[in-house]
2 protein chains.
Amino acid sequence: MATIYEVSERAGVSLATVSRVINKTVPVRESTRIKVEAAMRELGYRPNSVAQSLASNRSNSIGIVVSELGGPFYGELLSRIENEFRAVGKHVIIAAGHSNAELERDSIEFLQSRNCDALILHVESVDDKYLEDLAATGLPFVLINRMVPSIAEHCITLDNEQGGFLATEHLLQLGHRDIAYISGPLWKHDAEERYTGHQSALASYGIEEDKTLFYEGDFQETGGEQGLAHLLAQGKKFTALVCANDEMAAGAITAAHEADLAIPEQLAVIGFDNINFSHYTYPKLTTIDYPVAEIGEMAARWVLKRVYQRPIDDLEVLFAPQLIVRDST
Amino acid sequence: MATIYEVSERAGVSLATVSRVINKTVPVRESTRIKVEAAMRELGYRPNSVAQSLASNRSNSIGIVVSELGGPFYGELLSRIENEFRAVGKHVIIAAGHSNAELERDSIEFLQSRNCDALILHVESVDDKYLEDLAATGLPFVLINRMVPSIAEHCITLDNEQGGFLATEHLLQLGHRDIAYISGPLWKHDAEERYTGHQSALASYGIEEDKTLFYEGDFQETGGEQGLAHLLAQGKKFTALVCANDEMAAGAITAAHEADLAIPEQLAVIGFDNINFSHYTYPKLTTIDYPVAEIGEMAARWVLKRVYQRPIDDLEVLFAPQLIVRDST
DNA sequence: TTGTATGCGTTATCAT
DNA sequence: ATGATAACGCATACAA
């Protein structure tokens with residue numbers, strides 16, 4: 001690879017001048033700029049962004065940490081964020097945290113050591129303290145789907161509790177009174193908040209929660225299957241089921257089919273997230289919309305505004321979930 | 001962030017020695033190593049990987065280009081690759097190509113300029129010449145899902161033609177003779193190969209292809225819906241439908257439901273890829289398995305072997321598709 | 001407007 | 001086994 005030095009030689013100018021035409025930081029005489037550009041083209045010169053980054057302490061790249069690279073939810077999120085940045089010539093570096101505190105820290109530190117200008121984090125396992133300390137280092141970052149009050153200005157969240165409320169309220173309005181619940185892992189903030197929403201919806205209808213109709217799943221499809229199987233095996237009656245995300249709902253629907261339960265006639269099912277494939281199910285899944293796209297965009301805009309000084313005014317930080325009624329309830 | 005220099009000061013050794021305990025490149029006396037490690041811990045030192053990369057011309061990171069970050073297919077692929085590398089302390093940098101030649105080149109060049117040790121490419125738009133030139137630069141890279149004969153040693157592929165053959169053959173064996181086909185964009189290699197497989201299956205049964213039963217879709221769900229709608233609108237009879245991927249198949253199933261066509265009784269539908277959510281459909285989708293996980297792992301192992309000199313012997317390069325029979329045929 | 005010189009945080013090649 | 005010191009490719013303050 002040609003270096004800036006070779007370009008300067010070929011163009012007959014100094015290395016600094018080449019740097020100037022690359023970065024357009026100060027005016028360069030038209031004629032010399034043309035010479036330099038020609039030299040760059042002839043040598044097929046590409047700036048070495050590692051060296052740029054080291055010298056300028058800027059990398060034009062944004063680090064992202066998500067739990068998993070796979071899965072419909074994160075894919076959509078990543079896709080949106082990448083789109084926003086690509087449009088302005090920034091690049092994203094993506095790492096996975098695997099819902100594991102150590103790996104999450106690892107990924108964050110890697111991205112830091114890569115000189116990322118900012119981080120967008122969807123982390124579940126590191127504790128609040130760690131994030132507070134991270135904020136104290138001065139590294140700009142956005143926290144998605146998690147509210148840490150002491151660093152609220154870093155947080156972009158969905159009102160998960162409200163979402164949980166909406167889901168159960170919907171079933172209550174349809175007349176259901178015996179409502180089972182398959183939760184995500186309760187150590188995850190969003191899982192807990194959604195469950196809280198469920199409980200307050202029940203309470204608002206004066207219904208006492210039957211703890212035997214609760215199952216703690218894993219946010220995965222198989223968790224939904226096992227959950228419904230478990231609930232059915234208990235022999236308790238329930239006419240509706242809330243699942244804390246769509247993937248578990250899909251699993252539950254499979255289990256319901258296997259148990260010859262008609263949906264929604266014998267069992268109404270509602271999910272959460274409104275992932276891309278939630279309408280693949282039969283019947284099509286009623287769910288709570290998680291505006292991933294908007295949240296991804298907003299996170300990107302946060303960075304553009306705070307880190308790259310782009311003129312952006314409206315920065316929403318709390319998003320509202322929305323009920324999507326389809327055929328499963 | 002603390003630098004290696006500050007560590008050396010605190011430990012009372014030279015900067016070079018610190019570098020040695022970090023990289024374990026040459027023996028260091030036990031006692032000094034302990035001092036250095038203590039200093040690193042006390043200062044919370046983390047190597048600046050940008051500087052490491054510049055100095056060593058090695059980055060311990062692997063660049064990946066895929067068409068889209070979203071979507072079940074790529075998510076799974078990325079996830080597998082990341083897993084393989086994480087296990088050995090390497091990191092991945094991911095960029096999207098968006099099925100656009102310019103963006104694909106852009107992404108590749110960005111990754112090159114980030115000093116990636118190797119690239120894993122799933123690119124569809126850049127031409128063979130570009131890839132040949134890239135190979136000529138000496139940059140190690142693996143090409144996934146695309147065979148460029150002149151650089152065959154870089155390619156890991158699925159036999160798409162064979163897959164297309166299997167899909168149609170399956171329908172033929174079930175007695176279908178009037179088989180419609182919804183293809184991917186034919187400029188994409190895999191779409192074309194799958195279609196070729198379809199044609200040769202027909203030929204092997206002595207059936208002449210009816211071009212009016214062909215629709216060129218976009219590999220997206222909506223393309224499948226529109227495709228089936230278009231095919232039905234023609235008024236021609238067909239009892240089975242091959243879709244070149246699962247997402248279009250899901251769309252077609254939706255369209256079939258809307259047209260009150262019973263699946264598989266009135267219309268058998270088969271997809272391709274066996275994406276995670278292909279069994280969400282009702283009825284569950286029969287499809288051709290694309291071994292993404294294995295291919296991702298193999299790509300990672302290719303890199304580990306050729307770039308990082310890990311002792312790995314079995315390197316498969318041509319994978320076989322497999323028929324997965326479910327309920328839609 | 002352009003050139004010179006220094007530093008960014010490491011690795012690696014010499015010595016010692 | 002350890003210490004100087006020169007790269008690595010570029011940005012940038014300072015001079016000219």
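Since we're looking at a predicted model, the values are computed, not measured. Lettering follows sequence order; numbering is per chain, from 1.
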- Looking for any heavy atom pair under 4.0 Å, which part of the strands does A:V13 touch: base, sugar-phosphate only, or nothing? sugar-phosphate

- Message: So B:S49, base contact, sugar-phosphate only, or nothing? Heavy-atom distance under 4.0 Å.
- Response: nothing

- Task: Have a look at A:S19 and say if it touches a base, only the backbone sugar-phosphate, or nothing, with a 4.0 Å heavy-atom cut-off.
- Result: base

- Task: Could you tell me whether B:T25 contacts a base, only the sugar-phosphate backbone, or nothing, with contacts defined as non-hydrogen atoms closer than 4.0 Å?
- Result: nothing

- B:M40 CE to C:dG9 P: how many Å, rounded? 17 Å

- Query: Okay, side chain of B:E104, backbone of B:S125: is any donor-acceptor separation there less than 3.5 Å?
  - Reply: yes

- Which residue, B:S56 or B:V28, contacts DNA chain D at a nucleotide closer to its 5' end, judged by nearest heavy atom? B:V28

- Query: B:S14 side chain: which of C:dT1, C:dG9, D:dG3 is closest?
  - Reply: D:dG3

- Classify the nucleic acid contact of A:I22 as base, sugar-phosphate or nothing, counting any heavy atom under 4.0 Å across all strands shown. nothing

- Proximal nucleotide (of D:dC8, C:dT2, D:dT12) relative to the A:T32 side chain: C:dT2

- Message: Among C:dG9, D:dC10, D:dT2, which nucleotide has an atom closest to any side-chain atom of A:Q52?
- Response: D:dC10

- Query: Please give, in whole Å, the distance from D:dC8 C1' to A:E6 CD?
  - Reply: 13 Å

- Query: Any chance the side chains of B:Y290 and B:N145 put a donor and an acceptor closer than 3.5 Å?
  - Reply: yes

- Give one of base, sugar-phosphate or nothing for B:R46, where a contact means two heavy atoms less than 4.0 Å apart. sugar-phosphate

- What does A:N57 touch in the nucleic acid at a heavy-atom separation under 4.0 angstrom: a base, only the sugar-phosphate, or nothing? nothing

- Message: So if I take every side-chain heavy atom of B:V26 and compare against C:dT2, D:dA1, D:dT2, which nucleotide ends up nearest?
- Response: D:dT2

- Looking at D:dT2, C:dG9, C:dA5, which one has an atom nearest to any side-chain atom of B:R29? D:dT2

- Message: Between the base of C:dG3 and the side chain of A:R20, is there a donor and acceptor pair under 3.5 angstrom?
- Response: yes

- Query: Less than 4.0 Å between a side-chain N and a carboxylate O, is that true for A:R10 and A:E42?
  - Reply: yes

- Task: Compare the minimum distances between each of C:dT11, D:dC10, C:dG3 and the side chain of B:L15, then state the nucleotide with the smallest one.
- Result: C:dT11

- Message: I want to verify a distance call: between C:dT2, D:dC8, D:dT2, whose nearest atom is closest to the B:L54 side chain?
- Response: D:dC8

